[in-house]
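A short write-up of the structure that comes next.
Note that ligands are numbered from 1 as they come in the structure, with each ligand's atoms numbered from 1 the same way. Keep in mind that what you see is a predicted model, and the values were worked out from it rather than measured.
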Amino acid sequence: MGNIEKKTDSLLRIRQKAEELYLIKESKYSSPLSEWETLKLIHELEVHQIELEMQKEELILAKEAAENAIQKYTELYDFAPVGYFTLTNSGFIIELNLSGSQLLHKDRSKLINSQFGFFVSDDTKSAFNKFLDSVSNSNKNECCEIKLLLEDTALTNVYLTGILSENKEHVLMTIVDITDLKETEFALTESEKRYRDLLNNLDVGIILHNKDASILYSNPKASELIGLSKEQIKEKQSFNPIWEFVKDDYQQLPVENYPVNQIIRTKKPLTNFTIGIKKPDITAVQWHFINGFPVFNAAGDISEVIISFIEITELKKLEIELTKAKESAESANRAKSSFLTNMSHEIRTPLNGIIGFTDLLMRTNLDVNQKEYMSAVNESATILIEIINDILDFSKIESGKLELNVEEINLFDITHHVIDIFKFHAEAKKIDLILNIENTVPKFVLGDSIRLKQVLVNLVGNALKFTKIGYVHLSLGCDLISGDMNQCHLHFSVKDTGIGIKQENQEKVFQSFIQEDCSITRKFGGTGLGLAISNQLLGLMNSEIQLKSTFGQGSEFYFNLTLERGQHKNTSGVQEVKTVDENNTFSCIDYSTKTILVVEDNKINMLLVRTLLKSILPGCTILEASDGEKAIKMYKKEKLDLILMDIQMPHKNGYQTTAEIKHLKKYNNIPIIALTAGIMLGEKEKCLESGMDDYVSKPIIRCHLEEVLYKWLKE
Ligand code: ADP
């Protein structure tokens, strides 16, 4: 403003000066000018010319500035992201910017003088007319949302703002394309609706907590489960006197362990949390299964916590009932196990007597018939004891109580021993019993010899049982495992030319108490437990029996075992004993001076042991104690060389008696030999742990007792 005023002033001054000079000039021409006056006039005129030139330059600069400003304004006007329109009051376009023409998809020149309403969709035309009317008749800024119907595109959503021009003749209008915004808004609304529908219809209670644990939102299922309306739930804290949370054991859940508080404290999701809700109006506890997670904001702080829950009261009841049922089943199982143990003891004790005495009797002078009958009695009792062992093994495996005893074992000894067991039986049936061990098979491996032998005995025994003519072939091969020289992959196979098994029965025979068919059972006998037990034993060694069989032609039962190679050491002293000539060694030592105490509560067993001792060590002194207490007294009184100790005795069992004797240390290292039934889990280990030095399994067989006596009395 100041500049313009200055310029106007200077122009006025120049004008004034020019007028004055003109008057002087006029008066001077009327009378001749002096030389000085002429020079002055010329000077004035020259200065004035310079002034005029300067003014001209200023005007050029001002013009350029004005043109620049116009250019900038035009650019701003044209390229603004908003369409600018100048309309008449009746809606005709007088002027518009480039963005406006682009919005309407037409050249600017073609739009001038056309009616804007022509581009407005039918359904929003009345809104536009109302907008135009309001702008034309007020001084206020007006706005509205309409849709434009353009030739080549779908509907375009636009937002209009309008105001009346200063001269009140035109409507100045801006247009913004809000199609994308609308689409986003629509998608958002749709998705919100979808989630709301989902939440409302979900059969799971959902509660949204604020970061201070107060409730922001709950879905209808949550209301149903909690028994409060949405409004009642809202803004309540999860700790509320209306309900009380309890743990699995019905004890109150501390507030800090409420699901939402746990999530806020740990900042971690909570999964599968069971909670009981106690409410004053309901006597029974309602059980809920809860999951939840925190929602974090951009700064990494918890902004909300979402909890979902389902009611599991019925399931919980079922679980309680199942737990009770499981407990009672377990206690029944314990009762069964203890019954089995007791019964087996009760049955085995007389059987041991029968086997021991028939064995002794068969060594006396019997006639042929008597010998035959006696061996029938002995065999029957042996079969009976094997059946009892099978049933006990089975119940031990079933209850998971059977563990393997892994040590260095001699595969050659084991397989030869299996063949030895059946040699006479095979000869009697005129069946070839063949053992084949490939030369790649290592002699020593780490395994459980008793259980491996048990499996092979069962398979070879079955093969012989079900074969009338031909052969039974036990073979053992070995593949090396590449990269590991310590491991070997053994292949055991028992093949026969027996009756074979029908295809449809081949799976069935591995089930417990199942035999191929009943007629066979009657003909061949058996319990149907052998294969099931063998398979379970192999299961403990990570293997299983496979079967190839053709009905009427024969069967092959085979399995693979991956075992570690042994270090080629002899494993027990027992083997050393075997290599010594018994008669020779016995004759070197005088056993008549030895005193042996037999601790045994069963009279028949006592008689058997005494008889065996007398025949093995004629002349030795035998003392007897019928229970642990008497044994301890005798130990204190007598000078003993060896004790044979029964395990299961009334008042004080064999373990306790041994422990006390060892504790007394009257004289060091008196050998105590257990007379063990050898069937219960860890019984042998328990014997050694309680201080016993060795064991003889019942039924006591003369040669076993001989071996042990020799070993310990010699020492
Ligand atoms: P058990 O021999 O005591 O009956 P197993 O479990 O050992 O019990 O065998 C189950 C059944 O499988 C047998 O009863 C018999 O029907 C069938 N079986 C087993 N081994 C053979 C075999 N080598 N040849 C034919 N059948 C066999």
Side-chain angles (χ1 to χ4, degrees), residues 340 344 347 351 379-398 402 415 418-419 421-423 425-436 450-476 491-541 543-560 679:
L340 272 175
S344 79
I347 298 170
L351 277 176
E379 258 177 45
S380 306
T382 309
I383 290 171
L384 210 55
I385 224 160
E386 275 166 11
I387 292 174
I388 291 169
N389 284 350
D390 266 4
I391 294 174
L392 271 169
D393 264 353
F394 182 72
S395 76
K396 268 193 280 177
I397 297 172
E398 284 276 275
L402 196 130
T415 44
V418 173
I419 295 296
I421 293 172
F422 294 103
K423 210 160 61 188
H425 186 51
E427 270 170 19
K429 283 185 85 176
K430 295 196 171 51
I431 291 170
D432 291 334
L433 181 57
I434 309 156
L435 170 65
N436 179 37
I450 293 182
R451 297 306 175 183
L452 179 58
K453 208 188 286 173
Q454 189 177 347
V455 174
L456 294 175
V457 164
N458 177 46
L459 295 182
V460 175
N462 275 351
L464 273 177
K465 185 161 74 172
F466 296 108
T467 302
K468 254 190 186 162
I469 43 167
Y471 64 83
V472 168
H473 194 161
L474 166 61
S475 59
L476 175 53
H491 179 79
F492 293 83
S493 149
V494 177
K495 201 169 174 181
D496 66 54
T497 50
I499 60 170
I501 302 170
K502 286 181 191 150
Q503 183 69 37
E504 65 267 27
N505 293 332
Q506 290 186 8
E507 264 186 38
K508 198 168 88 173
V509 292
F510 290 101
Q511 294 167 17
S512 33
F513 303 107
I514 299 278
Q515 294 176 315
E516 195 196 352
D517 80 54
C518 303
S519 59
I520 288 177
T521 317
R522 275 194 292 276
K523 206 160 138 200
F524 293 97
T527 54
L529 272 178
L531 285 177
I533 293 173
S534 299
N535 230 353
Q536 281 167 320
L537 289 174
L538 285 174
L540 295 174
M541 306 177 201
S543 178
E544 67 172 332
I545 302 177
Q546 322 249 19
L547 167 62
K548 280 185 217 157
S549 183
T550 311
F551 185 62
Q553 288 184 20
S555 314
E556 184 186 2
F557 288 84
Y558 59 96
F559 59 91
N560 298 320
I679 38 151

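- Using modelled atom types, no side-chain atom of Asn436 and backbone atom of Ser475 make a donor-acceptor pair closer than 3.5 Å.
- Looking at Asn462, Val460, Leu459 and measuring to atom 7 (O) of ligand 1, the nearest heavy atom belongs to Asn462.
- Residue Leu531 has at least one nitrogen or oxygen atom sitting less than 3.5 Å from a nitrogen or oxygen atom of ligand 1, judged on distance alone.
- In this structure, the side-chain contact (heavy atoms from CB on, under 4.5 Å) partners of Gln536, at least two apart in sequence or on a different chain, are Phe394, Ile397, Glu398.
- Counting only non-hydrogen atoms, the option in Thr497, Val472, Val494, Ile501 that gets closest to atom 25 (C) of ligand 1 is Ile501.
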Compile the donor-acceptor pairs under 3.5 Å between side chains in residues 551-560 and protein atoms, sequence neighbours left out, one pair per line.
| unit_1 | atom_1 | unit_2 | atom_2 | d |
| --- | --- | --- | --- | --- |
| Ser555 | OG | Ser549 | OG | 3.0 |
| Glu556 | OE2 | Ser493 | OG | 2.7 |
| Asn560 | OD1 | His491 | ND1 | 2.7 |

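- With contacts defined as side-chain heavy-atom distances shorter than 4.5 Å, the pair Leu537/Gln454 qualifies.
- Atom CD1 of Ile450 has 12 or fewer heavy atoms from other residues, nucleotides or ligands within 6.0 Å.
- Nearest-residue assignment for atom 17 (C) of ligand 1 (options Val509, Leu464, Asn535, Leu529; heavy-atom criterion): Val509.
- When Leu433, Asp496, Asp432 are each tested for a side-chain contact (heavy atoms from CB on, under 4.5 Å) with Tyr471, only one passes: Asp432.
- In the vicinity of Phe557, heavy-atom distances shorter than 4.0 Å reach the ligand 1 atoms 19 (C), 20 (N), 21 (C), 22 (C), 23 (N).
- In this structure, the side chain of Thr497 engages the main chain of Ile469 through a donor-acceptor pair within 3.5 Å.
- A heavy-atom separation below 4.0 Å is not found between Gly498 and ligand 1.
- Residue-ligand proximity: Phe510 is placed with every non-hydrogen atom at 4.0 Å or more from ligand 1.
- Taking a cut-off of under 4.0 Å to the non-hydrogen atoms of Asn458, the atoms of ligand 1 that pass are 7 (O).
- The Ala463 neighbourhood of ligand 1 comprises atoms 23 (N), with distances under 4.0 Å to a heavy atom of that residue.
- On a distance-only criterion, Gly530 and ligand 1 share at least one N/O pair closer than 3.5 Å.
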